[in-house]
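To keep things clear, I will list the structure first and then write my remarks on it.
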Amino acid sequence: MIPCIVMASLAVLAAQPHGPEPMVVYVAPGGDDQAAGAPDQPLASLAGARDRIRTARRAGLEGGATVIIGGGRYALREPVLFGPEDGGTPEAPVTYRAADGATPVFSGGMAITEFSRRDDGLWEAQIPQGLDRPFEQLWVNDQRAIPAREPDEFYYYTRGVAGPVEHPDTGQVTMLPNQSFLARPADVADVPVGAWVVPYHSWATSHLPIAAIDAESGAVITGGPAAWPFERWGPSQRYHLERYRGALDSPGEWFLDDDGMLLYHPREGETPETAEAVAPLAEAFIRIVGEPAVGLWVGDLAFEGLTFEHAEYHLPEGGISDGQAAVSVGAVIELDGANRVALRDCRIRHIGPYGVWFRRGCHDSTMTRCLIEDAGAGGVRIGEQTIRRDLAERTEGIVVDNNILRHLGRIFPEAVGVWIGQSGGNQVTHNEIADLFYTGISVGWRWGYAESLATDNTIDYNHIHHVGWGVLSDMGGVYTLGPSPGTTVSHNRIHHVYSYDKYGRGGWGLYNDEGSSEIVMEGNLVHDVKTGGYHQHYGRENVIRNNIFAYSMDGQLQRSRVEDHLSFTFEHNIVYWDEGPLFHGSWDDSNVRLRSNLYWRTDGEPIGFEGRTFEDWQAAGRDEGSLIADPLFVDPANRDFRLRDGSPAAEIGFEPFDPGEAGVYGDAQWIAEAGRVSYGDVEFAPEPPPPPPLEFSQDFDAAPLTSQPFGARVHLGGGGDAVGVVEVGDGHGRALEMLDAPGQEARFNPHLYWSPGHEEGMSVMSFDLWLGPGSEFYHEWRDDAQPYHSGPSLRISDGLLVAGEETVSVPREQWVGIEVRCALGDDSTGTWDLAVTLPGADAQEFAGLPLASPEFSELHWLGFVSDADAATRVLLDDISLSHLALDGLEERQ
């Protein structure tokens with residue numbers, strides 16, 4: 001027997017000679033999921049409509065279905081799941097669409113009313129009891145509110161790496177390079193445990209709860225690890241603090257007390273009587289849940305004209321830290337096992353994670369004419385980080401076309417506009433991607449030349465702009481990662497890509513990173529970027545042709561690694577600029593091919609070609625057919641890069657193109673929406689404070705076995721060498737071991753060094769040294785000049801320590817004490833002092849040793865090198881570096 005509700009729904013169907021028409025179900029605000037689903041008896045929810053179609057099918061209904069959703073607001077507290085039984089067929093699809101002329105809005109938020117003013121100018125509102133957990137985002141008057149933070153603008157800066165600290169979980173005193181740092185004590189004096197710290201790494205951030213603070217030293221210990229060690233990329237690492245009551249001091253900030261009292265610092269013009277505040281309760285909106293591994297697909301399902309807003313991202317208890325691209329953050333619409341699933345004319349706004357993720361086993365699915373704005377993470381993700389062995393579980397053939405993606409990365413600045421992982425055959429075309437802090441479009445997920453599925457992707461005709469904002473580094477308007485044969489990155493317009501370059505580096509228009517290979521980049525306009533229009537880190541046989549690269553701040557083109565194959569071909573391009581060098585990196589070898597390019601520098605300064613004139617450059621076989629000439633753009637000052645009649649670009653084979661074809665298309669209203677937002681100029685952060693002179697003392701007894709010395713950079717050759725803490729006993733407990741190996745490409749590996757930043761006063765380095773048979777070792781101080789100057793330097797080979805003209809015989813397999821002293825800066829005497837303590841003997845002192853380079857006066861590199869070409873062992877222990885202010889000098893803070 002068919003239930004009466006289903007009978008009422010079937011009553012709206014009319015039979016056709018060629019088969020049944022789609023079942024039609026109506027949904028409207030104020031409806032009832034027990035109603036008939038007719039126009040005058042609508043259902044109340046998406047889930048109700050889904051269930052009604054399921055019921056009808058179980059009753060024998062054949063054919064597709066259309067759900068017509070009336071305008072108005074709908075509460076959505078948890079994602080609506082669609083499984084294989086909820087899809088259609090190519091001949092009979094299932095569509096959930098807005099009624100003609102209507103705007104249905106599904107909100108995962110809770111309205112907050114009844115704000116009251118406090119005497120201190122803040123507003124307060126009591127949040128109802130019974131929430132599953134506190135919300136972590138808030139919107140007031142359609143604007144994202146800011147979790148209370150310090151500083152309100154820009155950053156605090158670390159002042160060093162922390163030594164042994166107490167592990168917050170075990171209580172063990174140990175090294176936590178990814179979980180502790182030294183702050184300036186004044187910056188953390190009033191910060192409570194439980195506040196959160198957001199450190200900025202080179203191209204990523206972390207969000208970590210604070211487990212402990214040492215008010216005297218400024219040591220901060222976090223409740224979870226960052227993906228990168230603190231100060232991995234350089235000193236004075238940036239961070240900000242958030243989510244604590246004491247930071248609530250600026251307009252737009254908010255804080256939620258443990259007792260459920262919401263405090264808000266109003267923006268100018270806001271009043272509690274008229275404010276519309278929304279706190280998100282839902283974490284997602286739609287889940288497509290197929291099982292492609294067993295052939296269960298969700299097919300031929302479409303969502304059209306729907307708006308989804310107000311969903312949160314809940315930070316894990318121990319924090320979150322991704323190495324790149326916020327890849328552990330999901331999306332509010334996620335699809336697994338989707339075949340021919342479509343999102344059309346949808347809006348996704350005010351969310352915490354990514355917008356849409358075509359994740360596992362998705363095929364031939366589309367997202368067209370959708371808008372994603374104000375996202376905590378990025379816009380769209382395609383594919384996964386791993387290569388699934390089952391072909392059915394691989395995502396491919398996704399179309400992301402004619403969408404607007406903007407105001408992204410509001411929680412996770414490292415998030416990407418469109419991210420493609422291990423996935424191929426996708427089309428990302430004609431999108432407007434703007435206002436985010438990392439990369440516009442990222443293609444591939446492979447470091448090096450191993451297998452990658454990111455092949456045959458089409459990244460064409462996108463308008464990508466206002467990326468980076470000086471916040472992160474190592475980004476691109478379009479960024480590729482790993483082999484991508486058949487991929488095109490063409491006819492895009494990319495501009496205003498600005499990176500943070502105090503540590504880490506790079507904001508490029510087009511960026512081939514880490515093994516990017518067999519990619520064609522053609523017909524792109526790139527202008528107004530930070531470090532270059534194009535950069536290849538390393539890769540194979542890419543083609544960069546017929547592009548315009550203009551107005552990069554710090555150099556125009558970069559090639560970082562030379563390999564024994566053709567890196568790329570750079571041909572028929574126009575490079576136009578007004579400051580900085582043409583080239584960064586290495587260009588003077590036969591494995592990069594340049595030909596038929598047009599170069600023009602507008603400030604009249606000569607153009608250098610790896611230290612040569614253009615004539616000498618071409619005489620050496622470089623840039624055959626290239627010219628130095630004004631390309632005669634129509635109005636480059638106003639960024640009109642059309643060519644005037646008579647342009648010499650024709651002589652290099654350049655084919656003119658229309659950059660206006662990049663971006664969205666269609667009706668005038670949609671095009672106007674893409675241009676509705678205007679953006680100001682980038683405001684770079686002030687210069688960071690200079691780090692204090694590095695001082696430390698490490699005996700390694702609290703360091704975990706196999707760990708590396710905190711604060712040091714360790715370089716290995718990869719040929720059997722190693723550096724790590726080991727147990728040695730014999731009164732030394734644990735020590736640092738350096739294992740050398742024969743046949744290293746660079747004999748000076750393994751080596752390690754610190755960057756002390758000592759520029760004045762007296763520096764003192766002491767350490768204990770144990771040398772195994774056959775070992776060769778040297779210790780050296782250097783400045784940061786190019787090329788560098790060496791200061792104190794000692795070498796031990798064949799049992800003989802040599803320092804200048806002095807020599808000391810040192811025993812093997814016994815501990816020897818060494819101390820080095822040297823005055824720096826204006827106090828330098830051009831000499832240094834050495835003390836060597838052999839087993840059972842008093843120290844031998846050598847004063848006034850000449851510096852290796854008389855020009856040396858600052859200590860920026862302090863290194864220990866195992867320099868053997870054999871399997872040898874060196875041990876280091878009790879390494880100590882101190883910095884003393886001499887008479888008349890103030891000790892730096």
Side-chain angles (χ1 to χ4, degrees), residues 6 9-10 12-27 37-39 42-43 45-70 79-100 102 104 106 285-292 295-308 333-348 356-359 361-370 382 392 395-403 426-427:
V6 177
S9 298
L10 295 176
V12 302
L13 302 180
Q16 295 291 328
H18 58 272
E21 283 194 350
M23 174 183 180
V24 179
V25 178
Y26 290 85
V27 176
L43 305 181
S45 67
L46 276 181
R50 175 206 60 192
D51 294 344
R52 184 59 50 84
I53 296 169
R54 287 179 178 177
T55 301
R57 284 180 167 175
R58 285 196 294 268
L61 178 70
E62 297 181 357
T66 299
V67 178
I68 300 175
I69 304 169
V80 183
L81 308 181
F82 293 87
E85 69 273 32
D86 300 313
T89 66
E91 298 77 20
V94 175
T95 301
Y96 291 75
R97 70 170 180 86
D100 293 344
F106 295 88
F285 299 128
I286 290 175
R287 294 283 187 261
I288 306 298
V289 189
E291 291 295 338
L296 294 176
W297 307 91
V298 182
D300 300 287
L301 178 65
F303 302 89
E304 184 174 335
L306 310 182
T307 295
F308 300 91
I333 297 178
E334 289 185 358
L335 302 91
D336 290 324
N339 252 349
R340 299 177 300 278
V341 172
L343 299 170
R344 296 189 290 264
D345 289 293
C346 291
R347 306 291 182 267
I348 301 171
V356 177
W357 189 0
F358 298 91
R359 186 170 57 183
C362 296
H363 304 94
D364 303 318
S365 295
T366 61
M367 173 178 157
T368 56
R369 233 183 94 122
C370 293
I382 300 172
T395 288
E396 60 187 10
I398 306 302
V399 174
V400 177
D401 179 71
N402 197 25
N403 303 285
N426 306 293
Q427 298 179 44

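All values reported here derive from a predicted model rather than from experimental measurement.
A donor-acceptor pair is defined here as one N or O able to donate and one able to accept, closer than 3.5 Å; such a pair exists between the side chain of Asp86 and the backbone of Gly83. The main-chain N or O of Asp401 is found under 3.5 Å from a side-chain atom of Asn403 such that the two form a donor-acceptor pair. Side chain of Thr395 to main chain of Gly361: a donor-acceptor pair is present (N/O by atom type, distance under 3.5 Å, no hydrogens or angles). Judged by distance alone, the side chain of Arg50 and the main-chain N or O of Val80 form no donor-acceptor pair under 3.5 Å. A donor-acceptor pair under 3.5 Å is formed between the side chain of Ser365 and the backbone N or O of His363.
Looking at Ile286 and Ile333, their side chains come closer than 4.5 Å, going by heavy atoms from C-beta outward. The shortest distance between side-chain heavy atoms of Val400 and Asn426 does not fall below 4.5 Å. In this structure the side chain of Ile53 reaches within 4.5 angstrom of the side chain of Val67, judged on heavy atoms. Put simply, the side chain of Arg52 reaches to within 4.5 Å of the side chain of Met23, judged on heavy atoms.
Taking the six-membered ring for Trp and thresholds of 30 and 60 degrees, Phe82 and Tyr96 have ring planes more than 60 degrees apart, a perpendicular arrangement.
To the nearest 0.5 Å, the span separating CH2 on Trp357 from CD1 on Ile398 amounts to 13.5 Å. Note: Leu81 CG to Leu46 CG = 11.5 Å, rounded to the nearest 0.5 Å. Distance check, rounded to the nearest 0.5 Å: CG of Leu343 to CZ of Arg369 gives 14.5 Å. How far CD1 of Ile348 is from OG1 of Thr307: 9.5 Å, rounded to the nearest 0.5 Å. The CZ atom of Arg54 sits 5.5 Å away from atom CG of Asp51, with the distance rounded to the nearest 0.5 Å. With values rounded to the nearest 0.5 angstrom, Leu301 atom CG is found 7.5 Å from Thr95 atom OG1.
Among all heavy-atom pairs drawn from Arg57 and Gly87, the shortest one is NH1-O, 2.7 Å. Gly70 approaches Ala102 most closely through the heavy-atom pair C-CB, 4.2 Å. Residues Pro22 and Thr66 share a closest heavy-atom pair of CB-OG1, 4.1 Å. Nearest approach of Leu335 to Cys362, heavy atoms of both residues: O-SG, 3.1 Å. The two residues Ile69 and Phe106 have their closest heavy-atom pair at CG2-CZ, 4.0 Å. Minimum heavy-atom separation, Val298 to Pro84: CG2-N, 3.6 Å.
Using a 4.0 Å cut-off between a side-chain N of Lys or Arg and a carboxylate O of Asp or Glu, Arg97 and Glu304 do not qualify as a salt bridge. A salt bridge links Arg359 to Asp336: one of the charged nitrogens lies within less than 4.0 Å of a carboxylate oxygen.
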*Trace of the side chain to side chain contact (heavy atoms under 4.5 Å, CB included) decision for Ile288 with Phe303*: CA-CA 12 Å; Ile288 306 298; Phe303 302 89; 4.2 Å; yes
